[in-house]
Trainee: 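Please find one structure pasted underneath; my questions will follow.
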Amino acid sequence: VRLSGVVDSIPDAAPADVVFLINQRHHPVYTRRGSDLAMEVHITLAEAIVGFKKKIVCLDGQEIVIGNPYETINVRKEELVDAPSLPDLMDVDDG
């Protein structure tokens, strides 16, 4: 992440950039998709047919219930959960 022109502590010199190198660590449950977190939840055939409810734990410890006990699930269904997103590492406010 580069913050352009933010260092100006040297008199009569052009402002310099601050550069941060950010390394992401592997997480055993979540993967990053842009500003979103993704995880796989495996369900049984019975749960796919009659529906299910499962609690998942967010990175901050908050529990969220996903699923619908009365809905048949299609193959490779993705469900979006409204939760705080990750910061976009490429979209930094220079202000």
Side-chain angles (χ1 to χ4, degrees):
V1 176
R2 178 183 302 268
L3 302 177
S4 299
V6 297
V7 178
D8 59 359
S9 61
I10 301 173
D12 300 324
D17 297 347
V18 174
V19 178
F20 295 94
L21 299 178
I22 300 173
N23 293 320
Q24 294 184 139
R25 293 186 307 193
H26 171 77
H27 192 275
V29 176
Y30 293 101
T31 58
R32 185 177 181 131
R33 290 187 190 164
S35 296
D36 297 324
L37 289 177
M39 70 179 296
E40 287 188 20
V41 176
H42 297 275
I43 59 173
T44 66
L45 178 59
E47 289 172 322
I49 293 171
V50 299
F52 71 96
K53 287 176 82 170
K54 291 189 182 222
K55 285 184 183 178
I56 60 171
V57 180
C58 297
L59 289 176
D60 64 359
Q62 175 186 0
E63 289 185 348
I64 297 175
V65 177
I66 63 167
N68 184 339
Y70 308 108
E71 176 185 2
T72 300
I73 304 298
N74 295 320
V75 175
R76 302 236 183 254
K77 178 185 181 206
E78 289 190 10
E79 182 171 332
L80 301 176
V81 178
D82 187 21
S85 63
L86 296 171
D88 186 349
L89 297 178
M90 301 311 288
D91 183 26
V92 177
D93 181 14
D94 287 343

Trainee: Do you know the tightest heavy-atom contact between C58 and I64?
Mentor: SG-CD1, 3.3 Å
Trainee: Quick check for you: to the nearest 0.5 Å, what is the distance between L21 atom CG and R2 atom CZ?
Mentor: 10.0 Å
Trainee: Does one hydrophobic cluster hold both L37 and V29, with members joined at side-chain heavy-atom distances below 4.5 Å?
Mentor: yes
Trainee: Verify the cluster assignment for M39 and F52: are they in a single hydrophobic cluster under the rule of side-chain heavy atoms below 4.5 Å apart?
Mentor: yes
Trainee: Under the salt bridge (charged side-chain N to carboxylate O under 4.0 Å, His left out) test, which residues partner E40, sequence neighbours left out?
Mentor: none
Trainee: Can you name the nearest heavy-atom pair linking H42 to K54, along with the distance?
Mentor: O-NZ, 3.4 Å
Trainee: Hey, quick one: are I56 and L59 part of the same hydrophobic cluster, counting side-chain heavy atoms closer than 4.5 Å, chains of contacts allowed?
Mentor: yes
Trainee: State plainly whether one hydrophobic cluster holds both I66 and I49, where clusters connect Ile, Leu, Val, Met, Phe, Trp and Tyr through side-chain heavy atoms under 4.5 angstrom apart.
Mentor: no
